[in-house]
Amino acid sequence: MQFEAGQEFARKLDREDPLARFRDEFSIPTQANGSPEIYLCGNSLGLQPRRARDYVNQELDKWAALGVKGHFDCDFPWMPYHEFLAEASADLVGAQTDEVVVMNSLTVNLHLMMVSFYRPTKQRYKIVIEDHAFPSDHYAVESQLRYHGIDPADGLLLLKPRAGEDLLRFDDIAALIEEQGDSIALMLLPGVQYYTGQVLPMAELAELAHRHGIRIGLDLAHAVGNIPLQLHDWNVDFACWCSYKYLNSGPGSVAGCFVHRRHAQNTDLPRFAGWWGHDKQTRFRMENRFQAIPTAEGWQLSNPPILSLAAIRASLDIYSEAGGMEPLRRKSEKLTAYLQFLLKREVNQYISIITPEDPEQRGCQLSLCCDAKHLSGRELFQRLEENGVTCDWREPNVIRVAPVPLYNRFEDIFRFVDILKTACNE
Ligand SMILES: *Cc1c(COP(=O)(O)O)cnc(C)c1O
């Protein structure tokens, strides 16, 4: 695609955008001067679908009108409410419906999955994560090691980029696995790295792990709703994601979890259990012999927070109406390529991009480092905020910018770069 400079070109791209109308499905925060923010922060908290309010209100109304009877015999009864989310969630991650469940929060699900899939033995007990893993993932893994009596200094293998580089290389990961594979029990890696925006080659990593008898789990916090995924075909063992980033389901909303069918059907797999994971036919006999549901639902603990699930349903309906990840990804690649084009053209001497240039190796996010001598990255970030741009700052030195195809316009990107350029040239 050939891009051109100038605001008129951005407007032309917006006019030609078949997904443009979805912006109206969202509430866009406004600046003090009344104009909409340039919101490029869907990687951190996705915007509110306007219909989320209706969906949540429906459940509040049902609660008011029906009390406990809201569990049955009404539209979207609470008893099976999570089931109404399974198909659309499965579509987003490339899974069978029975491999996916919406439950708990992301870090909780990581722990539950490690209880089942991190089963260290004397020979095979190490866990591979990246050196720059999201802190919560790092804490979860370290505490799992300690819980099993393993010193993280011995049991935790950290993947690092080469000196002077920002991105992980598959060959380096493969070399580590070749060298220490026999002692590794689990690899827990991101689909999209939160700091650099790098997409890891998930299919190849799963193949690599399994060839060495290693389990592989994915943290898809920055991947779900951002890039196409094929968890079932890639044969990933498990995956977890949150719903409040690209999935636009509200702060702290309930998370998602994938368990590959070949594991989910094994009801003897050790797990931390709760009554919502118990066979639906006999759950209310209130007997004390746990019988796991032979799907991902078998890891549920509690009856879920319906108000949160209602907001997720609102968001998933929009994804379905937009035609799923394929058209969204097409627009997303174009948005991000346009962003890259303008950055290189307008602020090349002040800004470097650490995210891969290859569209296959990135989602929508670009991570920018400020190289300007007269301005620190933090100062530049503040200038952006003062001028109506919402993006985010991540220590030590990155401004993350994520144009998302459901509600961002090409003109948002034009204006963002224009503001950035003015700030850099001050
Ligand atoms: C956002 C994010 C989290 C947040 O975890 P919660 O349990 O939802 O608070 C964890 N890990 C990664 C990689 C993230 O991007």
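Source: prediction; values computed, not measured.
Other residues, nucleotides and ligands place no more than 12 heavy atoms under 6.0 Å from the CG atom of Asp73. No more than 12 heavy-atom neighbours from other residues, nucleotides or ligands sit within 6.0 angstrom of OH on Tyr139. The environment of Lys280 atom NZ is dense: over 12 non-hydrogen atoms of other residues, nucleotides or ligands sit within 6.0 angstrom. The environment of Glu87 atom CD is sparse: at most 12 non-hydrogen atoms of other residues, nucleotides or ligands sit within 6.0 angstrom. In Tyr147, the OH atom is not crowded: 12 or fewer heavy atoms of neighbouring residues, nucleotides or ligands sit closer than 6.0 Å. Counting non-hydrogen atoms of neighbouring residues, nucleotides and ligands closer than 6.0 angstrom, the CZ atom of Arg53 reaches no more than 12 such neighbours.
Identified under the ring-ring contact (aromatic ring centres under 6.0 Å, His included) test for residues 316-344, with sequence neighbours left out: Phe3-Tyr338, Phe3-Phe341, Tyr338-Phe410.
Between Cys369 and Ile354, the shortest heavy-atom distance links the atoms SG-CG2, 3.8 Å. What you find for Gln7 and Phe414 is that their closest heavy atoms are N-CE1, 3.4 Å. Contact record, Pro190 with Glu130: CG-OE2, 3.3 Å, taken as the closest heavy-atom pair. Nearest heavy atom pair, residue Ala423 against residue Leu380, reads CB-CD1, 3.7 Å. Residues Glu357 and Arg362 approach most closely at O-NH1, 3.4 Å, considering heavy atoms. Taking all atoms of both residues into account, the shortest heavy-atom contact from Trp241 to Ala239 is CZ3-O, 3.9 Å.
Using a distance-only test at 3.5 Å, with no hydrogens or angles considered, a donor-acceptor pair links the side chain of His212 to the main chain of Leu208. Judged purely by atom type and a 3.5 angstrom limit, Lys245 has no side-chain atom pairing as donor or acceptor with the backbone of Gly225. Judged by distance alone, with hydrogens and angles left aside, the side-chain atoms of Asn226 form a donor-acceptor pair with the main-chain N or O of Cys364 at under 3.5 Å. The closest donor-acceptor contact from the side chain of Ser116 to the backbone of Pro270 lies under 3.5 Å. Side chain of Ser249 to main chain of Leu247: a donor-acceptor pair is present (N/O by atom type, distance under 3.5 Å, no hydrogens or angles). No side-chain donor-acceptor contact under 3.5 Å links Gln96 to the backbone of His232. A donor-acceptor pair is defined here as one N or O able to donate and one able to accept, closer than 3.5 Å; no such pair exists between the side chain of Gln193 and the backbone of Leu167. Under a 3.5 Å cut-off, the side chain of Asp17 and the backbone N or O of Leu13 do not form any donor-acceptor pair. One N or O on the side chain of Ser143 and one on the backbone of Ala140 form a donor-acceptor pair closer than 3.5 Å. No side-chain donor-acceptor contact under 3.5 Å links Arg409 to the backbone of Ala20.
Using a 4.0 Å cut-off between charged nitrogen and carboxylate oxygen, Glu8 and Lys12 do not count as a salt-bridge pair. Between Glu426 and Arg383 a salt bridge is recorded (basic side-chain N to carboxylate O distance below 4.0 Å). Contact check on Glu4 versus Arg345 returns no salt bridge, with no Lys/Arg side-chain nitrogen under 4.0 Å from an Asp/Glu carboxylate oxygen. Classification of Glu411 and Arg415 as a salt-bridged pair fails, no side-chain N sitting under 4.0 Å from a carboxylate O. Between Arg23 and Asp412 there is a salt bridge, since a side-chain N of the basic residue sits under 4.0 Å from a carboxylate O of the acidic one. A salt bridge between Glu326 and Arg329 is absent, with no side-chain N of the basic residue lying under 4.0 Å from a carboxylate O of the acidic one.
Note: His71 and Trp78 have perpendicular aromatic rings, judged against thresholds of 30 and 60 degrees for the angle between ring planes.
Under the 6.0 Å cut-off for aromatic ring centres, Phe117 and His263 qualify, their centroids lying closer than that. Ring-centre distance between His222 and Tyr195: not below the 6.0 Å cut-off.
When side chains are defined from C-beta on, Arg262 counts as touching Asn235, because their heavy atoms get closer than 4.5 Å. Contact annotation: the side chain of Asp317 approaches that of Tyr55 to within less than 4.5 Å [non-hydrogen atoms, C-beta and beyond]. Side-chain contact between Arg50 and Glu25: absent, with no pair of heavy atoms (C-beta onward) separated by less than 4.5 Å. Looking only at side-chain heavy atoms (C-beta outward), Pro29 and Thr390 stay at 4.5 Å or farther from each other. Between Asn425 and Glu346 the shortest side-chain heavy-atom distance does not fall below 4.5 Å. Contact check for Tyr118 versus Ile127: side-chain heavy atoms found under the 4.5 Å cut-off. The side-chain heavy atoms of Phe76 and Tyr81, taken from C-beta on, include a pair separated by under 4.5 Å. No side-chain heavy atom of Asp172 sits less than 4.5 Å from a side-chain heavy atom of Leu159.
Of the inter-residue distances, the one linking Thr355 atom OG1 with Leu366 atom CG reads 5.0 Å to the nearest 0.5 angstrom. We find the OH-CG distance between Tyr194 and Asp137 to be 9.5 Å, quoted to the nearest 0.5 Å. Here the straight-line distance linking atom CE of Met187 with atom CG of Leu157 works out to 10.5 Å at 0.5 Å rounding. Rounded to the nearest 0.5 angstrom, His82 NE2 and Leu309 CG are separated by 9.0 Å. With rounding to the nearest 0.5 Å, the separation of CG in Asn248 from OG in Ser315 is 4.5 Å. To the nearest 0.5 Å, the span separating CG on Asp237 from CG on Leu231 amounts to 11.0 Å.
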Problem - Full working for side chain to side chain contact (heavy atoms under 4.5 Å, CB included) between Leu335 and Ile413 - result: CA-CA 8 Å; Leu335 278 170; Ile413 292 174; 3.6 Å; yes

Practice task
Apply the test side chain to side chain contact (heavy atoms under 4.5 Å, CB included) to residues Val401 and Leu368: give CA-CA distance (whole Å), side-chain angles for both, the deciding distance (0.1 Å), then the verdict.
Solution key: CA-CA 8 Å; Val401 186; Leu368 316 182; 3.7 Å; yes

Practice task
Check the pair Tyr350, Asp371 against side chain to side chain contact (heavy atoms under 4.5 Å, CB included), reporting the backbone distance first and the verdict last.
Solution key: CA-CA 5 Å; Tyr350 299 124; Asp371 306 327; 5.9 Å; no

Handout entry: Trace of the side chain to side chain contact (heavy atoms under 4.5 Å, CB included) decision for Gln31 with Asn387
Key = CA-CA 9 Å; Gln31 306 176 45; Asn387 286 285; over 6 Å; no

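When the ring-ring contact (aromatic ring centres under 6.0 Å, His included) test is applied to Trp275, the partners found at least two apart in sequence or on another chain are Phe284. For Asn348, the side chain to side chain donor-acceptor pair (under 3.5 Å) test picks out no residue, with sequence neighbours left out.
If you run side chain to side chain contact (heavy atoms under 4.5 Å, CB included) between Val417 and each of Ile351, Leu342, Thr422, only Leu342 comes through. Exactly one of Thr107, Leu112, Leu106 qualifies for a side chain to side chain contact (heavy atoms under 4.5 Å, CB included) with Cys240. That residue is Leu106.
The closest side-chain donor-acceptor pair between Trp299 and Glu297, if any, does not fall under 3.5 angstrom. Side-chain contact, Ser308 with Ser253: a donor N or O sits under 3.5 Å from an acceptor N or O.
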